[in-house]
Asks: 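I am attaching a structure below and will ask some questions about it afterwards.
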Amino acid sequence: AWTFDPADLRPDLGELRARYQPAVFGAWEKWAKATPLDPREPNGRTVWDWADGKKPARKAAQKRAVKPKARPANLNAALVRAGLSSTG
């Protein structure tokens with residue numbers, strides 16, 4: 001199946017640089033480097049970061065691995081008695 005990630009939609013910076021005069025592209029580059037992609041996150045990615053392909057930083061909650069909780073001993077025993085689990 002075909003998947004689509006809107007974060008992958010971005011301009012080709014090489015093509016933009018070639019298409020515009022250096023002063024015009026330079027002005028846009030300066031603006032893009034100073035403009036947050038999401039105004040609610042002023043220290044997040046900038047428009048330039050997005051256009052250059054920088055991925056968003058993962059939040060701390062996303063970084064740590066989520067370990068499954070151990071089943072209580074009485075549940076394990078009940079599952080073993082019912083023949084639904086071989087661990088005890």
Asks: Provide the closest heavy-atom pair for Gly53 versus Arg10 in the form atom of the first, atom of the second, distance.
Replies: CA-NE, 3.4 Å
Asks: Going from CD on Glu29 to CG on Leu16, what distance comes out if it is rounded to the nearest 0.5 angstrom?
Replies: 11.0 Å
Asks: Should Lys54 and Asp52 count as an ion pair when the cut-off is N to O under 4.0 Å?
Replies: no
Asks: Quick one, Thr35 and Trp48 - any side-chain contact, counting heavy atoms below 4.5 Å?
Replies: no
Asks: Do you know the tightest heavy-atom contact between Leu9 and Trp50?
Replies: O-CZ2, 2.6 Å
Asks: CZ of Phe25 to CG of Leu13: how many Å apart, nearest 0.5 Å?
Replies: 5.5 Å
